Visitor: 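Starting off with a structure, shown below.
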Amino acid sequence: MEEPSLEALMQAGFIFVVGVTIILSNLLIIATYLNFRGPSEVINYYLLSLASADLLCGLLVVPLSVYPALVRRWVYGDIVCRLVGYLEVTLWAVSVYTFMWISVDRYLAIRKPLRYETVQTKTRCQCWMVFTWISVAMMCCPPLLGFNKPIFDREAFICMLDWGNMAAYTITLSILVLGPSVITIVYTYFYIFRMMRKLRSGVPIHDKEYATALSENLSNPSHIMSFVLVMTFWISWTPYAGLKIWASINGPPQVPFLSFAVVWFGVTNSFWKAVVLGTLSPQFRLAARVLCLTLCCRHRRLPPELLGLDDDD
């Protein structure tokens, strides 16, 4: 085998670092929420689903691109390439649907502040996420069954489904995944920010109990945090979508490293959640602190006030 070029080493090294960062950041999120025993929000179950999808991407998809980036070819066979293509679209669709459920959860917290806890129960949210994973896994399986052969992108060094050769399936999947998700996200966050502006403007609300509950729910930082998570996801994948649209109209642009850059810029979205949560979620910071203390002080019992509990609990 020829000695890898400096360009190949740098690209393989970048992919390796991205993979390690994705794995560590999502393991941190999952361990943080699973370890926390204090009062938690329903949205945490959706965040666990997102972290699980991204962890699987970091474990099963990204590492398989490191060696091909060095040798400039796919070396794992057609079956693995097909599995990687299937996992990519499945995990991506799970993330899109999960963001939709997060936006619905935040909408219900504002739309029905007095009934939110009875409408959005933990059991119901867990059932929605199980349904989402199962339905997406079935909906994305046609390419896995041989209806379309994934191709190896020699510029991004990753196996991806050849969407151009299955136009009907591509359009159908786009309508089923992007249609309801984008419409729901736009409508719900438009309503949330409109209610925030309405409350800040001092518009009188005659039902005092409703006004108090609405004000408390609007002050929850989870609204802004979840909106930033959604925007980070779409911003990360917008360059890739734009490049695909451009290529379908004008042909692939002859720009070195462009395909590599847009694909892996989208993949980096998988580790930004830890940064967003650590910056905008006080509960995540508290839960992370509890996790650190739990790991460092196993022989000591953590004080109830640190967990957000009363002494009587």
Side-chain angles (χ1 to χ4, degrees), residues 19 21-62 86-109 116-117 119-141 173 176-178 180-182 184-185 188-189 220-234 236-237 266-278 280-281 283-284 287-288 291:
T21 307
I22 290 174
I23 293 171
L24 293 180
S25 60
N26 287 286
L27 280 177
L28 172 64
I29 294 173
I30 293 172
T32 296
Y33 282 126
L34 291 181
N35 176 73
F36 190 58
R37 294 294 181 267
S40 61
E41 300 180 63
V42 169
I43 193 176
N44 293 349
Y45 292 99
Y46 298 127
L47 297 175
L48 280 172
S49 174
L50 283 175
S52 299
D54 289 334
L55 178 61
L56 289 176
C57 177
L59 289 172
L60 303 178
V61 176
V62 177
Y86 168 73
L87 281 172
E88 287 168 0
V89 67
T90 299
L91 297 176
W92 192 87
V94 166
S95 296
V96 172
Y97 275 133
T98 304
F99 282 123
M100 180 185 71
W101 293 125
I102 288 176
S103 68
V104 171
D105 174 76
R106 295 298 85 201
Y107 169 79
L108 291 175
Y116 169 72
E117 293 185 357
V119 173
Q120 284 290 86
T121 63
K122 295 180 179 180
T123 301
R124 183 172 298 175
C125 294
Q126 291 170 348
C127 290
W128 275 120
M129 293 320 304
V130 171
F131 171 77
T132 297
W133 277 84
I134 294 175
S135 60
V136 168
M138 296 176 62
M139 187 168 52
C140 298
C141 70
L173 191 63
L176 292 176
V177 176
L178 293 178
S181 300
V182 172
T184 301
I185 289 170
T188 52
Y189 281 105
N220 191 332
S222 293
H223 300 303
I224 301 299
M225 178 269 293
S226 62
F227 178 74
V228 173
L229 283 177
V230 172
M231 292 305 299
T232 302
F233 177 83
W234 291 115
S236 297
W237 285 107
V267 174
T268 57
N269 166 77
S270 296
F271 63 74
W272 285 118
K273 284 191 305 303
V275 178
V276 175
L277 290 172
L280 299 177
S281 176
Q283 187 181 75
F284 178 78
L291 176 64

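Just so we're clear, the structure is a prediction, and the values are computed from it rather than from any experiment.
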Visitor: Are side-chain heavy atoms of Thr21 and Thr268 found at a separation under 4.5 Å?
Guide: no
Visitor: Hey, mind stepping through Tyr97 and Leu176 against side chain to side chain contact (heavy atoms under 4.5 Å, CB included) and telling me if it holds?
Guide: CA-CA 10 Å; Tyr97 275 133; Leu176 292 176; 4.3 Å; yes
Visitor: Are Phe284 and Tyr33 an aromatic pair, judged by ring center distance below 6.0 Å?
Guide: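 Yes: the rings meet the under 6.0 Å criterion.
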Visitor: Taking Ser49 for the side chain and Tyr45 for the main chain, is one N or O donor matched with an acceptor at less than 3.5 Å?
Guide: no
Visitor: Can you name the nearest heavy-atom pair linking Val276 to Met225, along with the distance?
Guide: CG1-O, 3.9 Å
Visitor: Any non-hydrogen side-chain atom of Trp92 less than 4.5 Å from a side-chain atom of Trp237?
Guide: yes
Visitor: Can you confirm whether Leu87 sits close enough to Cys57 that some side-chain heavy atom of one is under 4.5 Å from a side-chain heavy atom of the other?
Guide: no
Visitor: Kindly indicate whether the side chain of Val182, heavy atoms from C-beta on, has any atom under 4.5 Å from the side chain of Ile185.
Guide: no
Visitor: Do you know which two heavy atoms are closest between Ile22 and Gly58, and how far apart they sit?
Guide: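 Shortest heavy-atom contact: CG2-CA, 3.7 Å.
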Visitor: Are a donor atom and an acceptor atom from the side chains of Tyr189 and Ser226 found within less than 3.5 Å of each other?
Guide: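 Present: a donor and an acceptor within the cut-off.
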Visitor: Between Ser103 (side chain only) and Met100 (backbone N and O only), is there a donor and an acceptor less than 3.5 Å apart?
Guide: yes
Visitor: Are Ile29 and Leu50 side-chain neighbours, meaning at least one heavy-atom pair lies under 4.5 Å?
Guide: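 Of all side-chain heavy-atom pairs linking Leu50 with Ile29, none is under 4.5 Å.
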Visitor: Tyr116: which residues meet the side-chain contact (heavy atoms from CB on, under 4.5 Å) condition with it, sequence neighbours left out?
Guide: Val42, Asp105, Arg106, Leu108, Ala109, Gln120
Visitor: Determine the minimum heavy-atom distance between Ala53 and Val94, stating which atoms define it.
Guide: CB-CG1, 4.3 Å
Visitor: Distance only, no hydrogens: is a donor on one side chain within 3.5 Å (strictly under) of an acceptor on the other, for Trp272 and Ser236?
Guide: no
Visitor: What's the shortest heavy-atom distance between Ser25 and Ser270, and which atoms?
Guide: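 Residues Ser25 and Ser270, closest heavy atoms: OG-O, 4.2 Å.
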Visitor: Would you say that Val96 contacts Trp234 through its side chain, given a criterion of any heavy-atom pair below 4.5 Å between the two side chains?
Guide: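 A side-chain contact under 4.5 Å exists here.
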